[in-house]
Structures are given as structure tokens and as C-alpha cells.
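One structure below.
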Amino acid sequence: MSRFWKPGSEKPSTLLVDDEEGGVVFLSSSASSASSSGGWLGRWRATYWLHSAQTFGCPVASRVAEEAGVKLGEEGITMIKFLTDGVLIREMMEDPLLTKYSVIMVDEAHERSISTDMLLGLLKKIQRRRPELRLIISSATIEARSMSTFFNIRRRNSLLGSSDDMPDPEPAILSVEGKGYTVEIHYVEEPVSDYLQAAVNTVLLIHEKEPPGDILVFLTGQDDIDTAVKLLNEEIQHLGRHYFDLLILPLYSGLPRTDQDLIFTPTSKGKRKVVISTNIAETSLTLEGVVYVVDSGFSKQKCYNPVSDIESLVVAPISKASARQRAGRAGRVRPGKCFRLYTEEYYLNEMQAEGIPEMQRSNLVSCVIQLKALGIDNILGFDWPASPSPEAMIRALEVLYSLGILDEDAKLTVPIGFQVAEIPLDPMISKMLLSANDFGCSDEILTIASFLSVQSVWVSVRGVKKEFDEAKLRFAAAEKKVIDIRGQLLRLMKGFGIPLKSCEGDMKAVRKAIIAGSFANACHLEEYSQNGMYKTTRTSQEVYIHPSSVLFRVNPKWVVYQSLVSTDKHYMRNVIAIEPSWLTEAAPHFYQYRTPNPALS
DNA sequence: GAGCACTGC
């Protein structure tokens, strides 16, 4: 068993991990106590530090340096770099074995994002070549065992495959106690039919029966949340005086920044704040002062259908791990209570222990292209912590092939494939960027690509009427980001030798350049549909123009979309009108003209 | 007639 410093005992003198045997060390902490501002790291940074650390420009680094009493970026014995899993994967393109690092710690591994899972698979490969590399995977208790098994199996394989006498193949699992307070869990006695109404009732009940302390309610999305806020405010008016102390606030990512800031202002005396939130408050944001949590048991989750190649957001039951995480939000300042709007029987017997890893719920084009760029050719045989479906893999390979990013042997093409791999955008957008010069509009396309990589520069129409100034502010903030992205993309383009050129308002050229990337997203209007129904040319999927589009209700005969948002319907966002002949022009390998059969029309 | 949450340059 590896020697490892235990929090609370005397600090080790020089090395981060004094582990002569090498091996994988797992650290687990309970999900309910995981701190959102950096998980496991968040709890350790104050006590666990070295003589001197070099940290790099990011808020976490500055904070750690400050708490450790060292200067940011100061030269030292041990350098510590804070980065995201995505950035580390990009670093691997320059340095595939990550030779710069002797210890790599993956924090919040239980969240199982695509990039975390990719990184874990890649680190496993690296460790086969670099047995001295120490890995520290920090995850919630619930995931620790499967993570350990994942790395352990690799160990055994590599031992069989080589004559190296590798040390201790058994990863150590260490448990770190969180500092959260206890949270008392309450369940409903009978299943509820309407979780929205149940949530509203529960909030009112808490306010009536429980001592002061803010309430955090987890619902699924903007619609639910707006409805709940309205219902609650109506009830408050109806119930009268005692309830006027309730301050009801919605929270979701689409909310203008100034509204989000309200959430963080401390509750004034005699008031009780009720924050009604999506799962943004589950991991991404931490609210101080929350003592009561109301958990609907649902969240919106991405899911992917490789047949139609469509990602949608669907309301689905959360996992036990999420339920614990949500409950933990009540125990940050003092012992709290969590009210679950489902039965204990349901929690114990029906709720899944863990969520499905994002890898198994997503389109994989970006993932595949990154692995290809790292020289991993056998994508289907890659050793994942959770394997994606072969259908999803094959679909990604098909899309990349049709874009000319992969060749018949599924290798990256030169130069397009390698260039696309270098651009951190959706491969369709990258392809559009690289093709823009053929149409003499790289200037315009650069701007379009930059706008497409921010969520939206427009505030939601619902908010516009009352908060015009806010809308402007938000626009300004997003616009600055767009300019920033544009600058970065421009540098990349220059690196590829693509000149900046404007088509001086020739929008046909711009649309053709867009098609070079998005030809696979072509749709035609169903002639006799009264409601603007389109069908995708590829899979005859029913789709509609998003109401936020200027082409909404204009309904051109042929369109190409940039993305689909799938809620109750599949909505095309960022739509342009096209001529069908442009499709065959742009992608003759993908589209063929079929002369209409006169007998049928 | 309408948006879970992140991330990359």
C-alpha cells in the first residue's frame, strides 16, 4: 500500500506524494460534501501545501497561492499548474506522454464529463508507457470503486503484456471527510403527481414550520422555474402578511447577469430567500446561507440518438449521486434539511446509483477528432471508463468523413483534417472557416464563427420588455467575448496561411461558405404542411425553425441549420435559406440530384 | 412561439 499523507497529520516535507512504489491513488469524498469551488482541492488547499509553488494565471491558482502564502508564479521546487481536462488533452497534442508532469490529479472525476472520461482513458494509456507517473483521481465515494477497477484492469493487462516488473498494481482508495454539516432527509409518503405544485407547497410549509434559513429548490428548466416563481408569488399575495418575508428568486444560466447577482446578495434580516434553480446550483454555483433544499428528483439531461444524429434535452430522473449532491447543498452553513419530492422506497429501490456518463449521451465528432489527432487510430477499441455505443462512434466517423476531415482509412486528411483538429470548435464550423477563403469571405465567416461560439448575444424575449438596459449590458458583455474569440480564431487562420478577405456584402458567397460546413444539416419544407414543418434530407426527421430565427414564419423552401435544440419539437437554430443546387455543388459525394419522377408529382 | 450545465482558441 502506498504511503500517503493523511489530512490532519503532519505535513509532508518535500514531495506531494511520497509514494516510492508508484501506482494509482484514488481519493474519494462523499458527494454531498464536495465543494463546488474546486471539489477536493477546495478543501485541501489551505493545509496541504509545499515550500513553494508556481501557479499559473487562473483564479483558482491565485487563490491557492494566496492561501498557501506563496507568490503566484514564483520560481520554486515544485510547480503546480491548474488547468481543465480539455486543456490538458490539447497539451497532449504537443507532448503525448505529458512528460512535463510527474503527478496528475483529476478533480471531480465523478462528474463524468466527456473530457474527463477521455482524459482518464488517455492517462491510462500514458501510464503504460510511464509507470512512474502518479495519478490522483478524486471522485465521490459512489464512483471510486468503478474508477479503481478501470485502472486496475489496465494494470493487469500491461503486466501480462510486458516483462517490466511493475510495482503494486493495486490502486489505493483514500477517503477524505468533507466538512459539510449533517442534512436530515425527508421523503414524501406518497408519490406526487405534480412536482411543481408539490415544490411550491413544500416551500410554504418550510416557511411556516421551520426556523430561519434560505431555501433552494431544484427544478428542471426555465419554464418550470418561471411557473413556480409565479405560483409562489400568487400564493404569497393570497396567504398574506406572514408570507411577505419570502423573497422568491429564479436561477438558470439564461438569466441576465444582474438577475443572477441578486441570488448572491445576503438575505436581509427577517427575510427568507427562496432560490428556484436548475442544476446550475448543483455543481456550478454555490449559494451561501441555504439551510433547506427541496429536490424535485428531476433534471434536464442531454441524450443523443445516433440514428438521427440529434442531441436533445429531456426531463429525466436524477441519480442517487445527484440527489446526495443536492441534499449536501443544505449543509454548508449549519445542519440542514432536504425535502425530497419522491418516496424513500423510490430512492432506495428505483433510483440509479450513478448518472449515465456524458460520453454515452452525446454526439462524438469532437471527441473522435481529438483522439485521431493524438494518433489513436483504433477508436472503437479505445479503453474508455464507459464505452460509447458503436453506433455513435460510427456516426461520428461518417460525419467526419463526409466533411473531408477523415479519409477512407479513417485517418485525418492533410491539411484539412489536421487543421480542423487544431481549431477548438465544432468540426462543422471549423470546416466552414477553412472553406471560407474559397468563397472570398473569410472575414465575414470569421465573425459568424465567433458569434456561434457564444451562447447568445440576445437576451431572452421574455426579459426584454422590462429590462431593456440589462439586455444592452448583456449584449455588450457577449460582444466583447465574441471579439476576443474572433481574435484567437484569426491567429489560427493566419497560422494556416488563410488570408483575411471580405466579400463586400456578397451574401450568396457567405451562404455558400456556410454550406461547406453544414451541408449535412439541409432541410426542406414539407409542401403541404401548414405549420412550417421541415424534414432533414439525411434522416427525414421532422424539424421546425426556431421562433427566435428571423426566418421563423418566412419558411424558405430549403434551409441549412447550424444547431438543433430539441425540446418538445426539434427546433433549428441559426438557419439560412439556400438553393438545393448549392448542396450538390458543395458536397457531391454526399448529395446526388434525383430528377423528380413526374408520375409521382 | 421558445434555452440543463460546462469546456476549448
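Protein chains get the first letters and strands the later ones, always in sequence-line order, with residue 1 at the start of each.
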Distance in angstrom units between [X] [atom1] and [N] [atom2], rounded:
X	N	atom1	atom2	value
N531(A)	dA2(B)	CG	P	12 Å
D85(A)	dG8(B)	CG	C1'	10 Å
F496(A)	dC9(B)	CZ	P	14 Å
E91(A)	dT7(B)	CD	P	17 Å
L564(A)	dA2(B)	CG	C1'	14 Å
K300(A)	dC6(B)	NZ	C1'	17 Å
L452(A)	dG3(B)	CG	P	19 Å
M93(A)	dG8(B)	CE	P	14 Å

Completion exercise
Comparing nearest nucleotides in DNA chain B, the 5'-proximal residue of the pair S366(A), V565(A) is V565(A)
Practice task
For R90(A) and for R553(A), locate the closest nucleotide of DNA chain B by heavy-atom distance; then report the residue assigned to the nucleotide nearer the 5' terminus.
Solution key: R553(A)
Practice task
Return yes if a side-chain donor-acceptor contact under 3.5 Å exists between Y252(A) and D226(A), otherwise no.
Solution key: yes
Problem - Donor on one side chain, acceptor on other, S450(A) and T447(A), under 3.5 Å - result: no
When you get a sec, tell me which of [options] is the closest nucleotide to the side chain of [X]?
X	options	answer
I280(A)	dA5(B), dC9(B), dC4(B)	dA5(B)
I485(A)	dA2(B), dC9(B), dC4(B)	dC9(B)
N279(A)	dA5(B), dG3(B), dG8(B)	dA5(B)
Y252(A)	dA5(B), dG8(B), dG1(B)	dA5(B)
F552(A)	dG1(B), dC6(B), dG3(B)	dG1(B)
P547(A)	dA2(B), dC9(B), dC4(B)	dA2(B)

Exercise for the section: Please work out which of the three classes, parallel, tilted or perpendicular, describes the rings of W558(A) and H524(A), given edges at 30° and 60°. Expected result: tilted
Tell me what [X] touches on the nucleic acid: a base, only sugar-phosphate, or nothing, going by heavy atoms under 4.0 Å.
X	answer
G86(A)	nothing
E358(A)	base
L425(A)	base
T278(A)	sugar-phosphate

Exercise for the section: Taking only the side-chain nitrogens and oxygens of T84(A), find out if one of them lies under 4.0 Å from OP1 or OP2 of dG8(B). Expected result: yes
Name every donor-acceptor pair, under 3.5 Å, that has one atom in a side chain of residues 87-97 of chain A and the other anywhere in the protein, sequence neighbours excluded.
residue, atom, partner, partner atom, Å
R90(A), NH1, A421(A), O, 3.3
E91(A), OE1, Y101(A), OH, 2.6
E91(A), OE2, K81(A), NZ, 2.8
D95(A), OD1, L98(A), N, 3.4
D95(A), OD1, T99(A), N, 3.3
D95(A), OD1, T99(A), OG1, 3.2
D95(A), OD2, T99(A), N, 2.9
D95(A), OD2, T99(A), OG1, 3.1

Practice task
Please list, chain by chain and in numerical order, all residues satisfying salt bridge (Lys or Arg N to Asp or Glu O under 4.0 Å) with D224(A), sequence neighbours excluded.
Solution key: none
Exercise for the section: Assert yes or no for the condition that the ring centre distance of Y195(A) to F298(A) is strictly below 6.0 Å. Expected result: yes
